[in-house]
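Worksheet for the structure shown next.
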Amino acid sequence: MKKITGAFILFLFVSLIFPVEAQQPVLPDSSLYTVKGPRHGVSFFPRVYHPEVEYTPGDTLTFDRYHTYGVMCHWMNRWAEDYPEIVTLYETGRSYEGRPVMQMTITSSKNGSDTDKPGAFFEGNRHSGEITSAESVLWLARHLIEGYGNDPSVTDLLDHFTVYLRPVNNPDGHELYLNTAQSNRSTVRPDDNDGDGLFDEDAPEDLDGDGIILTLRWPDRKNGTLIPDPDDPSGRIMKRVPRGEGIYATSSEGIDNDGDGRINEDGIGGLDLHRNYPENWRPEREQTGRGFTQRGAGAYPLSEPETRAVFTFLMTHPNIYVVNSMDTTVPMHLRAPSTSPSEERMYPEDLKWYRYFDDLGRNITGYERAGDVYDDYGYGSPLFGHGPDFGYWYYGAIWYGDELWNGGRHKDYDGDGDKDQIDMLAWDDEENNGEGFHEWKPVSHPVYDSVEAGGFHPKFFSQNPPPAHLEKWASNQALFNKELISHLPRLEWEEYSVKRIKKYRADSADYKLTIRFRNAGKLPTALRQAHLVKMVRPDEVRVKFAADTTGTPRSRVIEPAPPVSGRGSMMMFEEWNRRPDYITATVGYTPGGATAEANFIIRVYGETEIRGTATVVTTRAGILPEKEFIIGSITSQESSRVPSAQARSTD
């Protein structure tokens with residue numbers, strides 16, 4: 001072991017006592033990448049240009065390299081300019097460092113506004129280094145935009161549904177990851193990962209300057225935990241053994257900046273945007289020592305602007321029914337619940353849909369795993385403040401948090417029943433030209449002798465697929481998300497009927513008007529959980545009548561009774577009860593493939609014809625445009641039935 005120099009001790013003392021404010025001083029050197037926020041460690045790092053990343057947009061968008069946030073924004077702006085009839089681009093919030101969080105709405109504007117259609121929301125890159133998810137959202141955007149008017153299936157989807165796409169939820173972490181050797185969990189907000197009262201004081205160092213934080217190994221026969229794996233004749237793979245039985249100690253590339261005996265345990269940031277949702281949130285620390293806590297939860301639910309931007313958008317867009325907020329790397333179709341078995345908390349009819357999508361997803365992507373967080377992913381270990389739990393229990397939606405990429409674990413090459421590093425190395429050699437593994441090579445370290453750096457590339461093999469394999473993973477996941485869209489409810493008019501049910505001695509009569517519509521989609525107009533938490537209103541049929549210009553009332557609605565505004569109504573419905581221009585009948589929630597109907601009893605005075613319009617209004621299945629109906633026009637008959645094709649639209 002080398003001696004620690006006085007200069008190194010002085011560096012440690014200064015960096016620990018005086019937190020470095022990233023904005024002071026402003027560094028003009030473009031070779032440095034600066035991270036904002038006050039921290040006890042460094043806030044600037046050598047800028048790295050990874051060959052796997054596209055930093056300047058090309059003439060065409062391809063998925064054989066990853067894309068910086070700037071390149072992604074270039075394409076989103078270009079699409080919004082070139083396809084204004086289907087693409088709208090806007091800012092939904094600002095990140096911790098002040099970057100705009102950009103999002104697209106993709107739908108056919110000629111067929112109504114985005115909020116009048118069932119909606120789907122897909123986002124990527126909540127976790128800084130899980131950039132495959134961002135590429136999948138971008139791939140889906142290109143697929144939908146270029147397919148509209150050319151691919152009948154895409155055209156049909158965008159004519160009837162709205163797709164909201166947010167490729168990068170966390171632009172700060174995304175840019176740190178692609179422009180430096182550093183990586184972190186989520187937001188770059190300074191955080192105390194190791195509980196020593198210091199913030200971000202022990203980030204990794206790229207000791208050999210190759211732009212990659214690799215694995216270090218050095219001889220340590222006293223406390224070593226690694227030996228060369230005897231099953232790997234090349235000597236590249238290490239095997240873990242009990243402490244003291246190994247010949248190597250190991251860490252990620254760097255030094256122990258704070259002198260606590262650990263290396264790189266408190267790098268940039270550390271909070272987890274996927275533990276910051278309000279549903280079943282738990283703090284990072286609690287006072288009794290006997291309660292549950294959640295690492296990375298943040299100071300309070302929705303403390304982080306990136307999570308708030310998702311929450312606010314979704315709550316103001318309750319038409320959104322299906323969501324996938326994606327990560328890497330298992331791979332798995334991942335859903336609620338995160339704190340209990342599925343059967344304990346979910347409505348059976350909702351769980352049936354989730355399990356249907358589990359199977360559908362596996363068939364499309366080939367992922368071996370699909371299911372809930374608590375049992376199928378965590379094997380009985382809970383996660384708190386988790387997005388899928390918020391999505392189902394709070395928001396009442398189909399919400400997945402899928403994990404893309406398999407970390408190179410493709411095949412059990414040696415047949416030992418486990419896809420381990422030996423198999424990863426075999427796949428890398430066979431399918432990836434051996435580019436994923438970096439051979440061990442000597443590096444200089446200020447503390448340890450005979451140090452070597454090597455191992456699998458942490459960014460473009462372990463955490464994300466090598467660029468040559470990116471599009472397969474991005475597209476397969478996007479095609480599953482496209483299938484989620486196709487399952488949204490779809491409303492269609494059915495025939496309406498008018499039947500005279502009572503005639504009075506005078507020249508008046510009561511008519512029964514039956515308005516029918518069908519959910520031609522697959523999902524019901526709302527999940528049962530959405531109804532429980534009142535994220536949705538029951539499906540409504542609204543009728544209104546043409547203005548009476550004679551000065552004498554010609555008709556009156558008998559049933560349902562018009563609502564009376566005031567204290568007799570619940571406060572939450574007050575805004576609806578103050579609308580005198582239509583009469584509403586609720587019909588519950590309509591299953592996929594089912595027909596719903598609403599009945600109105602209308603008294604008509606005199607031998608007259610009454611014209612009106614009907615519309616269907618739902619929270620998550622959209623709105624049907626107005627259709628005209630006529631009452632009293634066939635006075636010699638007891639009833640009439642008018643097919644939907646003859647019901648004239650007024651829009």
Side-chain angles (χ1 to χ4, degrees), residues 61 63 72-73 75-90 92 102-124 134-167 313-314 316-326 357 360-361 364 397-400 474-493 517-523 525 592 616-625 649 651:
L61 176 62
F63 289 88
M72 289 189 174
C73 288
W75 283 103
M76 288 191 283
N77 275 291
R78 181 168 168 177
W79 287 328
E81 293 174 359
D82 293 348
Y83 303 92
E85 68 282 2
I86 60 171
V87 180
T88 305
L89 178 65
Y90 47 94
T92 62
M102 302 304 296
Q103 180 171 302
M104 291 176 288
T105 294
I106 304 180
T107 190
S108 172
S109 58
K110 68 182 181 182
N111 291 333
S113 70
D114 63 293
T115 53
D116 286 347
K117 304 169 190 172
F121 175 80
F122 304 115
E123 71 164 352
E135 301 294 336
S136 182
V137 178
L138 198 68
W139 191 97
L140 179 60
R142 187 190 68 175
H143 177 73
L144 294 176
I145 293 167
E146 295 183 355
Y148 186 74
N150 299 307
D151 181 333
S153 68
V154 171
T155 304
D156 181 69
L157 290 183
L158 296 186
D159 279 345
H160 292 91
F161 308 126
T162 299
V163 185
Y164 303 100
L165 298 180
R166 188 177 303 188
F313 183 81
L314 291 176
T316 57
H317 290 74
N319 61 308
I320 293 172
Y321 198 140
V322 296
V323 177
N324 208 332
S325 180
M326 295 164 285
F357 287 123
L360 179 67
I364 293 172
I398 297 290
W399 182 303
Y400 276 83
S475 61
N476 283 349
Q477 178 65 51
L479 292 175
F480 169 61
N481 291 337
K482 181 183 175 184
E483 274 299 303
L484 288 176
I485 303 169
S486 73
H487 281 70
L488 289 169
R490 181 182 300 203
L491 303 182
E492 295 177 353
W493 282 114
F517 67 93
R518 180 172 179 264
N519 177 7
K522 298 175 182 177
L523 282 163
T525 52
V616 177
V617 177
T618 73
T619 305
R620 289 204 163 141
I623 295 175
L624 273 178
S649 173
D651 62 341

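Quick note: numbers below take in every heavy atom, side chains included, and nothing from hydrogens, waters or symmetry partners.
Note: His487 and Phe357 meet the aromatic proximity criterion, with ring centroids under 6.0 Å apart.
Pairing each heavy atom of Phe480 with each of Asn324, the nearest pair is CE2-ND2, 3.9 Å. Nearest heavy-atom pair, Leu89 versus Asn77, reported as atom, atom and distance to 0.1 Å: CD2-OD1, 3.4 Å. Summarising the geometry of Thr525 relative to Ala621, their closest heavy-atom pair is CG2-CB, 3.6 Å, with the distance given to 0.1 Å. Across Phe63 and Leu138, no two heavy atoms sit closer than the pair CZ-C, 3.9 Å. A pairwise comparison of heavy atoms in Thr107 and Phe161 identifies OG1-O, 2.8 Å as the closest pair. Between Leu491 and Leu624 the shortest heavy-atom distance is O-CD2, 3.4 Å.
Contact of the Glu135 side chain with the Met72 side chain is registered, since non-hydrogen atoms from C-beta on lie closer than 4.5 Å. Taking the side chain as every heavy atom from C-beta outward, Trp493 and Val616 approach each other to under 4.5 Å. Under the 4.5 Å side-chain criterion, counting only non-hydrogen atoms from C-beta, Arg166 is in contact with Phe313. In this structure the side chain of Ile106 never reaches within 4.5 angstrom of the side chain of Trp79, judged on heavy atoms. The side-chain heavy atoms of Leu314 and Trp399, taken from C-beta on, include a pair separated by under 4.5 Å.
The side chain to side chain contact (heavy atoms under 4.5 Å, CB included) with Asn481 is formed by just one residue from the set Val137, Leu165, Leu140, Val163; it is Leu140.
Partners of His143 by ring pair (Phe, Tyr, Trp, His ring centres under 6.0 Å), not counting sequence neighbours, listed by chain and number: Trp139. In this structure, the side chain to side chain donor-acceptor pair (under 3.5 Å) partners of Tyr90, at least two apart in sequence or on a different chain, are Gln103, Thr105. Thr162 is linked by a side chain to side chain donor-acceptor pair (under 3.5 Å) to nothing, counting only residues two or more places apart in sequence or in another chain. Remark: Tyr148 pairs with no residue by the ring pair (Phe, Tyr, Trp, His ring centres under 6.0 Å) rule, at least two apart or across chains.
For the atom pair NZ of Lys110 and CG of Asp159, the computed distance is 5.5 Å after rounding to the nearest 0.5 Å. Here the straight-line distance linking atom OG of Ser153 with atom CD1 of Ile485 works out to 10.5 Å at 0.5 Å rounding. The CD1 atom of Ile320 sits 10.0 Å away from atom CZ of Phe122, with the distance rounded to the nearest 0.5 Å.
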Tyr164 and Glu123: CA distance, side-chain angles, deciding distance, side chain to side chain contact (heavy atoms under 4.5 Å, CB included) verdict: CA-CA 8 Å; Tyr164 303 100; Glu123 71 164 352; over 6 Å; no
Test log, rule side chain to side chain contact (heavy atoms under 4.5 Å, CB included), inputs Lys482 and Val154: CA-CA 9 Å; Lys482 181 183 175 184; Val154 171; 3.8 Å; yes
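Note on residues 140-150: pairs passing salt bridge (charged side-chain N to carboxylate O under 4.0 Å, His left out), not counting sequence neighbours, are Arg142-Glu471. Pairs of residues two or more places apart, or lying in two chains, that qualify as salt bridge (charged side-chain N to carboxylate O under 4.0 Å, His left out) and include a residue from residues 77-88 are Arg78-Asp82.
Listed for the Asp156 side chain is no donor-acceptor partner under 3.5 Å among the backbone atoms of Pro152. Side chain of Arg620 to main chain of Pro118: no donor-acceptor pair is present (N/O by atom type, distance under 3.5 Å, no hydrogens or angles). Looking at Lys117, its side chain does come within 3.5 Å of a backbone N or O of Ser108 through a donor-acceptor pair. Not a single donor-acceptor pair under 3.5 Å links the side chain of Thr92 to the backbone N or O of Met102. Remark: side-chain polar atoms of Asn519 are paired, donor with acceptor, to backbone N or O of Leu523 under 3.5 angstrom.
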